[in-house]
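From a predicted model like this one, the values you see are computed outputs, not experimental measurements. First the proteins, then the strands, lettered A, B, ... as listed; each starts at 1.
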Protein chains: 2
Amino acid sequence: MNAQTILRLPTDPHISRARTTHTHRDGHGVPRNRLRFAPHEHLFFQGDPPTGVFQVVSGTVILYKLMADGRRQIQDFSSVGDFLALTFADVHNFSAEALTDVEVDFIVQASFDRALQENAAFRQGIFTLMGDMLNASREQALLLGRKCAMERTATFLLFLDSRFVDPVTGFVDIRMSRCDMADYVGLTLETVSRMMNQLKRQGIIELPQSNRIRISDRKRLIAAAGEPDEAEYASVVGY
Amino acid sequence: MNAQTILRLPTDPHISRARTTHTHRDGHGVPRNRLRFAPHEHLFFQGDPPTGVFQVVSGTVILYKLMADGRRQIQDFSSVGDFLALTFADVHNFSAEALTDVEVDFIVQASFDRALQENAAFRQGIFTLMGDMLNASREQALLLGRKCAMERTATFLLFLDSRFVDPVTGFVDIRMSRCDMADYVGLTLETVSRMMNQLKRQGIIELPQSNRIRISDRKRLIAAAGEPDEAEYASVVGY
DNA sequence: AGAACAGGTTGATTTGCCTCAATTCTATCT
DNA sequence: AGATAGAATTGAGGCAAATCAACCTGTTCT
């Protein structure tokens, strides 16, 4: 990771500039506070004690861990519907930062715990979500542990496409820097840039601007990702 | 990964040689079948449809994913008390193989689901376990994405120590090959061997036999793992 | 318009880990 | 004890990705 990231220790005080827009109850009667965060604001930091749970309403949040010397590993991108901070530990062990403008609902821990006890459907949803997060994390471990630079990059582009593609144009607006991408796939930003431009030169993706891509040859991109074939890939990503 | 692993496709038939020793009910009245597996037998394969849940009674099980060309990423080691195959998907997306002699209790899916619905304490335990698995997987992602060979190896030895140390002798019997270790930390077996022997030469660990270690200088091992200090490390591993 | 800046791309060089190969160690079998 | 086999260690060389550095592009500010 990278010079521009300010090293932040768990004990630093921090002032959340989140703005509460309104308070309401969801379909299960659980009270929620709608909050807004601007890009680069933190929902919470590694080391903070958890006070409740967030559900993303719009925008995307990155979850990451930092090493003492500033190396960063991004662990997940949370977007609409995802829950954050589902922890039973006494401190958060990763940080959550708004990548874009973000709206989230905050549910205080006691309300969340009550809903989990009393509402079977809610509970089932949380279980499924935790299972999905675990799968995603283990898929990332395979990528980080055993894939080469091109495979990592291609896999990541398929991931972006599956989650953020505009269904009418087929384009993905990449709302993150090369550095963010690199910190997810465990490479440097230069290597990510090289791999993307190589895919462009090979006619596998279109890259009209640096943060806008479209997959023009999905089969070859899947092959470049190290997946045996499309059917197999679909089962991995789950679409 | 490595020549000696036989590539196994999800569709291959397989005969489980597991032996049922007896059937009983646990404290919650959930029916369980006690099964035994010998080293290298599989509890299930990636691609199999899940039929229930396993809880490890003794021994250790490795969870891993395989790529089409045989590259392997080990994702977790399950030992006493751990649950396996907690999935809501229609197929397993990793394989589970006995590393040692293993005893597990098998709980059919319907019984498990019922216990989850009806028993709050059981449910809480499962939630906590899923949270722990997610934390472990994300910690592994940091290791794989951002740590160098020595840091990975040192981190792994600390992990082994925290889970498998003999409290009286202080030794850890490593019940896996260098290849298994390498496939967990995303290196080759040769690199793992080099790093371990380097730690031995530096007097940080004792290595009287290739599969038996003791940490003789924990502070330096923690430093080699890239953790800022012991307190921080303890909070990461959770002891 | 020009300056300043941030992000992205591209090139040259270095390096850490992998690969391939040889040797040693340990356990098992006869 | 000697033979054999599997695993671990050690060494030499190669290569993929990191590092370091220059340049380009687009945007904001004056």
Side-chain angles (χ1 to χ4, degrees), chain A residues 1-6 39-40 67 69-73 99 143-157 173-202 205 207-213 224 226, chain B residues 1-6 39-40 67 69-73 99 143-154 156-157 173-202 205-213 224 226:
Chain A
M1 110 90 351
N2 304 289
Q4 62 264 43
T5 302
I6 295 114
H40 299 299
M67 291 179 65
D69 59 4
R71 279 175 285 176
R72 182 176 66 151
Q73 179 63 48
L99 184 65
L143 178 149
L144 294 170
R146 289 301 180 218
K147 289 191 175 183
C148 68
M150 178 53 82
E151 291 171 332
R152 295 182 196 202
T153 307
T155 304
F156 185 68
L157 294 179
D173 281 307
I174 302 177
R175 299 176 172 288
M176 69 185 80
S177 66
R178 292 288 179 271
C179 176
D180 291 332
M181 297 176 62
D183 282 346
Y184 183 83
V185 299
L187 299 169
T188 59
L189 62 94
E190 293 95 330
T191 301
V192 170
S193 177
R194 279 183 243 273
M195 296 302 135
M196 288 182 66
N197 284 287
Q198 188 176 326
L199 288 169
K200 179 187 182 179
R201 279 193 301 278
Q202 295 173 338
I205 63 170
L207 190 60
Q209 301 140 51
S210 68
N211 53 357
R212 193 171 162 73
I213 66 152
Chain B
M1 109 107 345
N2 306 291
Q4 61 264 46
T5 302
I6 294 115
H40 301 297
M67 290 178 65
D69 59 4
R71 280 174 284 177
R72 182 176 67 151
Q73 179 63 47
L99 184 66
L143 177 150
L144 294 171
R146 289 302 182 218
K147 289 190 174 182
C148 68
M150 180 51 83
E151 290 171 332
R152 295 183 196 201
T153 307
F156 185 69
L157 293 179
D173 281 307
I174 301 178
R175 298 175 173 289
M176 69 186 81
S177 67
R178 293 286 179 272
C179 176
D180 292 332
M181 298 176 63
D183 282 345
Y184 183 83
V185 299
L187 299 169
T188 59
L189 64 93
E190 293 94 333
T191 300
V192 170
S193 176
R194 280 182 242 274
M195 297 300 136
M196 288 182 66
N197 283 287
Q198 189 176 325
L199 288 168
K200 179 187 183 180
R201 279 193 301 278
Q202 295 173 339
I205 62 171
E206 294 164 65
L207 189 61
Q209 301 139 50
S210 69
N211 53 356
R212 193 171 161 73
I213 67 153

(request) Tell me which nucleotide among dT9(C), dA17(D), dT9(D) gets nearest to the side chain of A149(A). (result)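 Of dT9(C), dA17(D), dT9(D), dA17(D) is nearest to the side chain of A149(A).
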(message) Please pick, from dC17(C), dA8(D), dG8(C), the nucleotide with the shortest atom-to-atom distance to any side-chain atom of C148(B).
(response) dC17(C)
(message) For R152(A) and T155(A): C-alpha separation, side-chain torsions, deciding distance, then whether side-chain contact (heavy atoms from CB on, under 4.5 Å) applies.
(response) CA-CA 5 Å; R152(A) 295 182 196 202; T155(A) 304; 5.8 Å; no
Value in whole Å for how far the [atom2] atom of [N] lies from [atom1] of [X]:
X: E190(B); N: dA12(D); atom1: CD; atom2: P; value: 15 Å
X: R71(B); N: dA16(D); atom1: CZ; atom2: P; value: 13 Å
X: L207(B); N: dT26(C); atom1: CG; atom2: C1'; value: 14 Å
X: M196(B); N: dA8(D); atom1: CE; atom2: C1'; value: 10 Å
X: R178(A); N: dA6(C); atom1: CZ; atom2: P; value: 18 Å
X: K200(B); N: dC25(C); atom1: NZ; atom2: P; value: 11 Å
X: I174(B); N: dA7(D); atom1: CD1; atom2: P; value: 16 Å
X: R146(A); N: dC17(C); atom1: CZ; atom2: P; value: 13 Å

Would you indicate, yes or no, if [N] has its OP1 or OP2 atom less than 4.0 angstrom from a side-chain nitrogen or oxygen of [X]?
X: T191(B); N: dC18(C); answer: yes
X: T188(A); N: dA18(D); answer: yes
X: N197(A); N: dT10(C); answer: yes
X: R194(A); N: dA17(D); answer: no

(request) State the CZ-CG distance between R201(A) and L207(A), to the nearest 0.5 angstrom. (result) 11.0 Å
(request) Starting at OG1 of T153(A), measure out to CE of M181(A) and round the result to the nearest 0.5 Å. (result) 7.0 Å
(message) Regarding dC25(C), can its base be found pairing with the side chain of Q209(B) as donor and acceptor, where the two atoms are less than 3.5 Å apart?
(response)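 Under the 3.5 Å cut-off, the side chain and the base do not form any donor-acceptor pair.
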(request) For residues V185(B) and M195(B), determine if any side-chain heavy atom of one lies less than 4.5 Å from a side-chain heavy atom of the other. (result) no
(message) For D180(A), is there an ion pair with R72(A) - N to carboxylate O distance below 4.0 angstrom?
(response) yes
